[in-house]
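Structure first, then comments.
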Amino acid sequence: EAGVTQFPSHSVIEKGQTVTLRCDPISGHDNLYWYRRVMGKEIKFLLHFVKESKQDESGMPNNRFLAERTGGTYSTLKVQPAELEDSGVYFCASSLRRLLSGTDTQYFGPGTRLTVL
Amino acid sequence: GESVGLHLPTLSVQEGDNSIINCAYSNSASDYFIWYKQESGKGPQFIIDIRSNMDKRQGQRVTVLLNKTVKHLSLQIAATQPGDSAVYFCAENTGYSTLTFGKGTMLLVSP
């Protein structure tokens, strides 16, 4: 079974440019999450999709960040315009909620390293 | 790969030793806890989880202990191997599916 995949693995852009990150969750996983880790800090939650709907976007830092999951499959995270403080590693995770047990193990992708110069 | 930074707590052990990695969590309402392992250039990899109605859970070579009284979680790795070298994160879930991660501990295993 293929795991969570993310594209690109690395992106280097200049301040003010736009970047779009993509995440393909594990097939059949309705839940998709975006997290971010900036240098020296903890991994922080950004938002959570259930299928195509945003369940929780409380972690999105500001309106320069836009996440979409049209059709409930893959997701994109766009940063426009990018700022220096947006540099970090962006992780995507997906999960299959098992209603009977209540567990919701999140499986992570390899991340996209974003560098804003 | 991702740099894990120079400010992580580090645990250095010899191959074959047992390792104990500790984590303090903050939210007394958290009901589900997970340990992740992150190797350089990869995303966090699920190791083991535990629900708040348990105080111990065992997997293959790993054991997680939960002490709700002092909000403490630990990961024990038996017979540590060089391949166990990585950064280990604990994460807590308050029931709304979002994970709150700890800072991480770097485990270095010497052959």
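The chains referred to below are lettered A, B, ... by the order of the sequence lines, with proteins before strands, and numbering in each begins at 1.
There is a path of hydrophobic side-chain contacts, each under 4.5 Å, that joins Ile21(B) to Ile48(B). Leu114(A) and Leu46(A) fall within a single hydrophobic cluster, where Ile, Leu, Val, Met, Phe, Trp and Tyr are joined by side-chain heavy atoms under 4.5 Å apart, directly or via other members.
The environment of Lys41(A) atom NZ is sparse: at most 12 non-hydrogen atoms of other residues, nucleotides or ligands sit within 6.0 angstrom. Counting non-hydrogen atoms of neighbouring residues, nucleotides and ligands closer than 6.0 angstrom, the CD atom of Glu85(A) exceeds 12 such neighbours. Residue Lys68(B) qualifies as enclosed at atom NZ: its count of foreign heavy atoms under 6.0 Å is above 12.
Smallest separation of non-hydrogen atoms from Gln38(B) and Arg37(A): OE1-NH1, 4.1 Å.
Gln106(A) CD to Asp49(B) CG: the interatomic distance, rounded to the nearest 0.5 Å, is 11.5 Å. Expressed to the nearest 0.5 Å, how far CZ of Phe91(A) lies from NZ of Lys42(B) amounts to 12.5 Å.
Residues Thr105(A) and Ile34(B) have side chains not in contact (no heavy-atom distance under 4.5 Å, counting atoms from C-beta outward). Gln45(B) places none of its side-chain heavy atoms less than 4.5 Å from the side chain of Tyr107(A). Using a 4.5 Å heavy-atom threshold, the side chains of Thr100(B) and Phe45(A) count as separate.
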Candidate pair Tyr35(A) and Phe101(B), rule ring-ring contact (aromatic ring centres under 6.0 Å, His included), full reasoning: CA-CA 10 Å; Tyr35(A) 292 85; Phe101(B) 281 83; 5.7 Å; yes
Side-chain donor-acceptor pairs of residues 70-81 of chain A under 3.5 Å, sequence neighbours excluded:
unit_1: Ser75(A); atom_1: OG; unit_2: Trp34(A); atom_2: NE1; d: 2.9
unit_1: Ser75(A); atom_1: OG; unit_2: Glu68(A); atom_2: O; d: 2.8
unit_1: Gln80(A); atom_1: NE2; unit_2: Thr18(A); atom_2: OG1; d: 3.4

